[in-house]
Amino acid sequence: MARKSCFAIVALTALSVFATGVQAEDPYTVLRAECAAKLNGSAESCDCIAKKARAELSDKELSMVVVAVKGDRDGIAKVQGTLNANEMMNAMTFMSGAPAACGIG
């Protein structure tokens, strides 16, 4: 439970940081890896998060989630500049809700 809370806090805090850059890796692979590393999620749970991201997020929202969970301050600022308020809220909501929805926590 503490890992889930820590992950959510780090991800949400990262959204408020400004810098530049965007990920080059496959975003779903990154989400799976970060899920396993930071949330100690099972392969099944981490696959669930990646599938939810594919189904629920736009490309821009997905980019924000990926740079935020990676802690990529440069990427956050670059992507943040492309999002409107609704897209930013969708990304934040996804990060705070997806772990529990996929059985982590």
Side-chain angles (χ1 to χ4, degrees):
M1 179 78 81
R3 286 184 157 277
K4 177 182 141 194
S5 297
C6 181
F7 177 77
I9 290 168
V10 169
L12 292 174
T13 301
L15 288 173
S16 64
V17 179
F18 296 115
T20 43
V22 180
Q23 81 278 358
E25 309 102 326
D26 172 60
Y28 305 105
T29 300
V30 172
L31 288 179
R32 285 183 191 95
E34 294 295 323
C35 168
K38 293 182 176 156
L39 299 177
N40 199 29
S42 67
E44 184 176 289
S45 294
C46 295
D47 283 344
C48 172
I49 288 177
K51 287 176 186 173
K52 282 182 72 57
R54 187 179 303 274
E56 297 176 11
L57 300 173
S58 71
D59 289 344
K60 292 192 303 184
E61 293 162 352
L62 176 62
S63 292
M64 177 54 80
V65 169
V66 169
V67 295
V69 299
K70 286 176 58 179
D72 179 355
R73 293 174 183 234
D74 292 336
I76 290 167
K78 184 167 186 177
V79 175
Q80 191 173 32
T82 70
L83 299 176
N84 63 39
N86 189 50
E87 291 166 328
M88 181 65 79
M89 182 58 76
N90 289 343
M92 291 176 11
T93 300
F94 180 85
M95 285 188 293
S96 65
C102 289
I104 299 173

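The number of heavy atoms from other shown groups lying within 6.0 Å of CG (D59) does not exceed 12.
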Considering only distance and modelled atom types, tabulate donor-acceptor pairs under 3.5 Å from the side chains of residues 49-56, sequence neighbours left out.
unit_1 : atom_1 : unit_2 : atom_2 : d
K52    : NZ     : E56    : OE2    : 2.6

Practice task
Let me see the working for L62 and F94 under side chain to side chain contact (heavy atoms under 4.5 Å, CB included), right down to the final yes or no.
Solution key: CA-CA 9 Å; L62 176 62; F94 180 85; over 6 Å; no
Handout entry: Intermediate values then yes/no, side chain to side chain contact (heavy atoms under 4.5 Å, CB included), L83 and N90
Key = CA-CA 10 Å; L83 299 176; N90 289 343; over 6 Å; no
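Residues meeting the salt bridge (charged side-chain N to carboxylate O under 4.0 Å, His left out) test with E61, sequence neighbours left out: none. Annotation: side chain to side chain donor-acceptor pair (under 3.5 Å) contacts of T29 (sequence neighbours excluded): D26.
When all heavy atoms are compared, the tightest approach of V30 to E25 is CG2-CB, 3.6 Å. When every heavy atom of V65 is checked against every heavy atom of A91, the shortest pair comes out as CG2-O, 3.8 Å.
The CD atom of Q80 sits 4.0 Å away from the CE atom of M88 when rounded to the nearest 0.5 Å. The CD atom of E87 lies 7.0 Å from the OG1 atom of T82; values are rounded to the nearest 0.5 Å. Atom CG of D47 sits about 8.0 Å away from atom OG of S42, to the nearest 0.5 Å. Atom-to-atom distance recorded for R32:CZ and C48:SG is 11.0 Å, nearest 0.5 angstrom.
Pairing of C46 with C35 by a disulfide is supported, the SG atoms lying closer than 2.5 Å.
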